[in-house]
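Shown next, in structure tokens, is the structure this report addresses.
We're numbering straight along the sequence, starting at 1. Small disclaimer: the values here were computed from a predicted structure and weren't measured.
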Amino acid sequence: MKAVKRLSYKQKLLAFSLLMGIVPVLILGGVSLKLFSSTLQEEVDLHQQSILRHFQTQLDTYITRLDQLSVSLASNSLVQKVVEVGVSMDAIGSSVQFINEIQNVVTNSDIPIDISLILTQYDSVYSHRTGLMRQIDYPTSELLKLQWTGSNTFYKIAPNTFQGQSDLWIVRPVPLNTSSPRGILVLQLNMARLMEMVERTLSPLNRSLLVFDDLGRLVASGQMRENDGSGDLKETIVPLLGKMKELPSRIEQNSEAYLLTSIKSSSNGWTYVAVSSAQELSAKSDQIEKVSWALVLGICLVWGAAAVFGSKRLFNPLQSLAVKFSNKDDKHQESDIITALDRTMQDMRKTNERLMLRINEQMPILKEHALLHLIRGELSSDNDVSGGWKAYVEPLQGDWFCVGVVEIDQMLELKQTYRESDLSLIMYALRKLIEEIGEAYRPVLGVSTKQGQVAFLMGLDSPGPEAEELVRQFARSINEQVKQFFAYTVSVALAEPREGYENIHVSYKEAQSFMIYRLAMGPSALLLPEQIRSTMHPSLRQLIKMERAVVSGISQGHYEQASAGTKELVQEAAKSLHSSEAIAGLFVHLIGELETSFQDYGVDLSEVIGRDALPQMYGLNRMEQLPVWMDERIIEPVRRHMEQLQVPKRKKSVQVALALVQEQIESDLSLQQIADELQIPRPTLSKWFKEETGEDFREHLIRVRMDKAKEWLLHADMPIKEISDRLRYTSVPNFTRIFKQSTGMTPGAYRSRTRGDGEPNEY
């Protein structure tokens with residue numbers, strides 16, 4: 001053990017590689033050879049049986065086909081007619097047809113057969129091989145002695161049944177199933193040739209095949225190799241067939257051992273035997289064992305070389321890694337690479353722990369980001385939610401969701417009072433208070449959607465009066481506890497409960513739209529859907545509509561329209577709202593909506609209009625001064641600021657439009673297409689184009705097209721119609737008219753004059 005400890009890591013790696021590579025190979029090699037030796041006989045027997053089954057199947061198939069052929073011929077009308085009239089010159093027509101039929105059957109058959117027909121009443125025999133002969137000359141007259149009874153409708157005569165008979169015979173009466181046949185059909189199967197055919201379909205292995213019939217007579221024998229010394233086994237096996245149910249797996253003959261494998265056919269009772277030499281099999285086993293040990297030794301040598309090479313290759317990356325991560329200034333560097341790497345990994349683990357702490361610190365931000373996506377409708381299906389966001393909303397219980405919006409009533413005053421960092425703390429405290437209040441009812445998730453506003457989600461099992469009352473109690477608790485713990489009040493708007501994540505953004509928009517109606521209800525309002533639908537006066541709805549029009553006009557740059565809308569809003573407010581505080585609250589809300597709108601552009605409205613704007617509005621003596629205040633303190637500063645912001649954008653947009661005109665001069669280009677591509681309103685782009693270029697977009701497009709037409713007319717032989725089509729004019733006259741307005745002459749005249757071609761061509 002001490003010697004092992006003194007080894008370096010590189011030496012340990014080499015020794016371990018050699019042991020792990022060579023020892024298993026030696027063990028597996030020895031065990032495999034033992035298993036191979038013990039199972040070789042079983043595998044050989046299984047293989048022999050597979051060969052025999054295939055051989056039996058092939059032989060039985062041929063005999064079955066021969067039997068079917070005998071039935072077909074015995075029932076053939078032509079054969080039956082020949083049996084009646086005989087084969088002679090008197091019946092030349094039927095005789096010739098019969099002979100041709102027999103010849104065709106023999107020729108087209110892939111089985112080596114001979115066909116004979118014994119005509120008993122004419123004392124003659126026809127054979128396709130010898131032709132017509134007298135019955136007395138037929139080699140086997142014993143066939144006439146066969147007894148045709150109801151139980152014996154045909155005979156299958158094994159080889160060697162009669163003297164000189166080496167073929168398998170199938171004998172049938174003609175007609176079929178008669179006890180007094182007029183003819184006897186004989187099909188002779190040449191077993192020697194059939195054995196050759198079957199053997200060709202088998203693998204040429206060193207074994208002999210023997211076939212015995214149900215009486216133990218040798219039907220056929222096949223020799224797959226010559227001089228195998230197994231010829232005397234036939235006489236040894238025949239007596240065993242009668243004495244034993246199954247042949248032994250091993251027999252001795254002439255001081256030589258043979259392995260026997262046999263199967264018995266269920267169709268005809270024949271026994272198929274495969275014989276192979278045990279000595280040759282043992283010799284092959286010894287040869288395989290020698291080759292296997294040589295292979296094992298070769299593998300050990302190769303693996304040893306691979307272990308030496310591989311250990312070096314494995315060690316080099318470790319050494320490089322240790323050098324890469326080692327601290328050169330560290331005076332306590334370890335000499336052992338593994339120790340150095342372990343120390344490096346420990347440092348990395350500590351670094352990862354610090355990173356995980358930072359990630360956990362960022363989890364609230366990720367959660368808020370997910371909720372914002374959900375509320376804004378950017379996660380529109382459960383599949384989107386399950387893609388990674390669902391973990392953040394799992395605390396919600398139920399398939400239905402109620403969405404509420406909580407807004408600070410005095411947000412503009414708070415902005416005038418507190419710094420940005422303090423306002424963020426106020427919003428965080430409000431959101432945490434809402435979530436803590438919700439714990440007494442159901443799990444609630446809150447998120448700051450914009451400055452001064454918190455949206456919350458509450459999961460419900462199902463809608464109904466009980467669920468609605470639960471949510472209203474929760475909203476009342478928010479109003480009461482905010483009054484108790486904070487120096488401001490909030491209004492709460494609730495949307496209708498809806499099913500599924502995909503409808504959360506719909507509920508949020510609905511709740512947010514209710515907030516504008518708090519002007520008529522004062523601070524700490526609780527805005528419910530049925531209350532909005534039933535109690536709001538039409539005049540208030542008109543005020544809301546007018547307020548939105550003013551906000552939209554300022555946001556979209558329609559400043560004159562917004563100024564006129566402000567005057568109409570003041571007049572309508574004076575009729576509907578009889579309190580100056582309510583009118584001031586309406587304009588405070590208008591400025592808040594305008595500020596939210598400009599946040600999308602990255603613009604801080606308070607920086608544009610100044611922080612003294614609201615105090616100045618509260619100091620107005622008369623409501624008639626509100627339109628003037630809106631023009632001077634809100635609309636005009638916003639207009640100047642937005643124009644300054646839009647100058648770079650205007651230049652870039654016009655440059656893009658000019659480039660698109662040049663690139664797509666041969667397309668149906670329009671100002672609307674360019675505006676859509678740049679995501680700019682068409683009137684705005686038209687105004688910018690006029691300011692930057694001094695001409696309308698249509699005038700510029702016509703001028704560019706006419707310049708291109710002049711270029712083609714001067715330098716190309718292009719027909720005027722083709723020029724008109726390529727410049728996207730509907731007709732040649734239309735193109736000609738515009739060209740003449742631009743240049744004072746027709747295209748043909750221009751081409752002729754500039755080229756000096758003589759008489760001008762109008763078109």
Completion exercise
Taking every heavy atom of Leu78 against every heavy atom of Ser94, the minimum-distance pair comes out as CD1-O, 4.0 Å
Practice task
Could you tell me the separation between the OG1 atom of Thr107 and the CG atom of Asn100, rounded to the nearest 0.5 Å?
Solution key: 10.0 Å
Completion exercise
Separation between CG (Leu117) and OH (Tyr126), nearest 0.5 Å, reads 10.0 Å
Fill in the blank from the handout: To the nearest 0.5 Å, atom CG of Asn352 lies from atom CE of Met356 at 9.0 Å
Practice task
Please report the closest heavy-atom contact between Ser116 and Val125, naming both atoms and the distance.
Solution key: CB-CG1, 4.5 Å
Exercise for the section: Just jot down the side-chain contact (heavy atoms from CB on, under 4.5 Å) partners of Phe401, sequence neighbours excluded, or say none. Expected result: Leu396, Tyr501, Ile504
Practice task
Indicate yes or no: at least one non-hydrogen side-chain atom of Tyr122 is less than 4.5 angstrom from one of Val87.
Solution key: no
Practice task
Walk me through it: do Trp148 and Val171 pass the test side-chain contact (heavy atoms from CB on, under 4.5 Å)?
Solution key: CA-CA 11 Å; Trp148 301 99; Val171 184; 3.8 Å; yes
Exercise for the section: Not counting sequence neighbours, which residues clear side-chain hydrogen bond (donor to acceptor under 3.5 Å, both in side chains) with Glu84? List them please. Expected result: Arg182
Problem - Close side-chain approach of Asp167 and Leu189, heavy atoms under 4.5 Å - result: no
Exercise for the section: Compare all side-chain heavy atoms of Pro159 with those of Leu168 and state whether any distance is below 4.5 angstrom. Expected result: yes
Exercise for the section: Could I get the full list of salt bridge (Lys or Arg N to Asp or Glu O under 4.0 Å) partners for Asp461, not counting sequence neighbours? Expected result: Arg442
Problem - Ser462 to Trp400 - nearest heavy-atom pair and separation - result: CA-CD1, 4.0 Å
Practice task
Heavy atoms only: give me the nearest Val273-Ser262 pair and the separation to one decimal.
Solution key: CG2-CB, 4.0 Å
Handout entry: Pair listing, side chain to side chain donor-acceptor pair (under 3.5 Å) test, anchored in residues 70-82, at least two apart
Key = Ser70-Arg172
Handout entry: Rounded distance (nearest 0.5 Å) linking atom OG of Ser109 with atom CG of Asn104
Key = 12.0 Å
Handout entry: Side chains of Leu457 and Leu374 in contact at under 4.5 Å (non-hydrogen atoms)
Key = yes
Exercise for the section: Kindly give the heavy-atom pair with the smallest separation between Leu176 and Ala74, and that separation in Å. Expected result: CD2-CB, 3.4 Å
Exercise for the section: Rounded to the nearest 0.5 Å, what's the gap from CD1 on Ile63 to CD1 on Ile170? Could you check? Expected result: 7.0 Å
Practice task
If a pair satisfies salt bridge (charged side-chain N to carboxylate O under 4.0 Å, His left out) and one of its residues is in residues 97-116, list it, with sequence neighbours excluded.
Solution key: Arg65-Asp110, Asp114-Arg129
Problem - His128 NE2 to Ile102 CD1 distance, which is reported to the nearest 0.5 Å - result: 9.5 Å
Fill in the blank from the handout: Residue set satisfying side-chain hydrogen bond (donor to acceptor under 3.5 Å, both in side chains) with Thr351, at least two apart, ordered chain then number -> Arg354
